[in-house]
Amino acid sequence: MNTPQANAAATRMTYREACKQALREALLSDSRVFLMGEDIGRYGGCYAVTKGLLEEFGEERIRDTPLSESAFVGAGVGAAMAGMRPIVEIMTVNFSLLALDQILNNAVTIPHMSGGQFAIPLVIRMATGGGRRVGAQHSRSLEGWYAHIPGLRVLTPATVEDARFMLKGALADPNPVIIFEHVMLYNMEGDLPSDMEKVDIAHAKLRRAGRDVSLITYGGSLFKALEAADALAAEGIDAEVIDLRVLRPLDTKTILDSVAKTRRCVIIDEGWRSGSISAEIGMRIAEEAFFELDAPLRRVCSREAPIPYAAHLEDACLPQVATIVAVARELVRPS
Amino acid sequence: MTKKVHLDHVHLLHLLKAMIRIRHFEAKCVELYQAQKILGFLHLYDGEEAVSVGVMEALTQDDAVIATYREHGQALARGVDPKCLMAEMMGKLNGCCRGRGGSMHFFDRARRFYGGNAIVGGGLPLALGVALADKMQRRSTVTACFFGEGAVDEGEFHETLNLAKLWRLPILFVCENNLYSMGMAVERAEADIDFVHKASGYRVAGEKVDGMDVVAVESAARNAIDRIRSENDPYFLECRTYRFRAHSMFDAQLYRSKDEVEAWRKKGPIVRFQTWLEANRLIKPEELAAIEEEVDKEIAAAVAFAEAGGLEPVSEVERFVTMEAVPS
Ligand SMILES: Cc1ncc(C[n+]2csc(CCOP(=O)(O)OP(=O)(O)O)c2C)c(N)n1
Ligand SMILES: [Mg+2]
């Protein structure tokens, strides 16, 4: 984490509050910005992110939609083409599958296919990830899938500062941007430096420096990786933690720099292993830093099954701190 | 309360010419396809010309259009330059989309032509967004959204009609009902083949119109647009029409008889309108000849323009995957 300087004032807030402040700022600073999504208005947002915005900004700009993911995401695309700056909320990534056609066939295709006549400055926010005991259809991590798609920017804020400021960058981007908010992060608290006004949306970030092994991760797994790094430190292993922040376009340089330093790498990804963003990262390291490595590349991913409801099964399926520690230890001190 | 279309001589000839332009343009496309200068899919609008021509007459330049993959006619009737369209068909850099879109993906920002869309039903949600953006920006425009009757089977149709009515968006839904979606006859696909009735399920008002009668389509579209503006509501127009040729160039047409096609051809929009004009002495043979000559000249110029066009350098293929800025 970016530790604020001792004397710089900081505000403590939840990730949820940071998301809300970001939306509020966007609505205040640009009259073209409006919000659309299911239950974002009267209900206050299924994760309470948009609570209070309807009262402040009114129904024209905080638009409750019916259960029509394809139609309101497509409406976001059309509105972006016709001069607005829509922010669309899809309750969770699981339901974004009903809007996939609009995202893939329209939003990311039209700028290119029209020969650059139209840009789609659209922001889509959605919750992602497991851990809440809500079963397979509410627990998926598909951000890696979206990162496969040229034309999209895929952001995975894992800290309060990123939750607070990534939206601003996303709105300034003339291209469609998806922001994935991990469900386990909404209640997390963090310090936001009061003098902070923006973050970049292009680079990965070193969250903890170390010499022995790089833990490369993003989103809801960041804090697991940081916890694992603490545990490893107690064993005398100095782990570095890289927060990818942006899954597309990938900041390969930061990854390679870290691996060149530590010579060992574990990628932690809540997505399934096969065909995942972790596979992409591993391959880029293999392509570009193979001879820097002192040990094989390793991954901690979700088990290849739909995420079950039962707590012990769900826990077994998702990346856990103990697994990260064990895999990293084995790399540094093979048994 | 049918709105009278202003049937002066100039306008009548203009309608005929617009339909003939589409017909001849596409005939040339077929030739170029056979010569392998146009590749891939080619969905001809042959037989359906009156629909686009009639509807576009009712739009102003400020209005917006969402098209389908069968959009040669929609684009030409909208006034998109045939030169750029022909070059696009031939994959040339001077095409309207630099040759990247092809037959199914014409876009023209200047004419608010928001694209041909090759996903059946995929354009309907876009219409919501364009109409919403216009409304929020206090522009009093209408968005005309074209789709085939096959799109009515898709969820997007239902989601879109509901939202259009709920949010009272100024959208003219133009259902081009040519009785088939590829080989699927409408009565084999729909539990209820009354499309106006379906629209009314979302409380979107609408009517059926003879899509082979250009004057009837124009008149219905003008009424519809007046109504959209005055009632602040969407409207649904089912245009009954027929496609004379194969669905695309790969279709053996096993699903319909030659007799059926022939019977419809006799009721074709051009032959019908032209015969009516002749019978009422509203067109002289030399006027007809002049129209055909002018159109053919335009098309020859379009082909020459396309032939002369260069190819986009391969090194640019990633350009516009992400945009540097929002074009103004
Ligand atoms: C979502 C989707 N499903 C299937 C297809 C393949 N397809 C292309 S055109 C077509 C028929 C569409 O019929 P209709 O909407 O009536 O338009 P028409 O071709 O008759 O103008 C089909 C099934 C497609 N392009 N998109
Ligand atoms: Mg059809």
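Labels below follow one simple rule: chain letters A, B, ... track the order of the sequence lines, proteins then strands, and each chain is numbered from 1.
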Do the side chains of [Y] and [X] get nearer than 4.5 Å, heavy atoms only?
| X | Y | result |
| --- | --- | --- |
| M36(A) | L163(B) | no |
| V73(A) | P125(B) | no |
| L132(B) | M84(A) | no |

Checking [X] against chain A: side chain, backbone, both or neither under 4.5 Å from a heavy atom?
| X | result |
| --- | --- |
| E324(B) | backbone |
| L166(B) | side chain |
| R319(B) | backbone |
| F157(B) | neither |

Enter the distance from M113(A):CE to M104(B):CE here, rounded to the nearest 0.5 Å. 8.5 Å
Which value, rounded to the nearest 0.5 Å, describes the distance between I119(B) atom CD1 and D101(A) atom CG? 5.5 Å
Name the member of V108(A), V77(A), I110(A) that forms the most heavy-atom pairs with chain B at distances under 4.5 Å. I110(A)
Proximity breakdown for Q102(A) and chain B, heavy-atom pairs closer than 4.5 Å: side chain
Less than 4.5 Å to any heavy atom of chain B: does that hold for the side chain of P121(A), its backbone, both, or neither? side chain
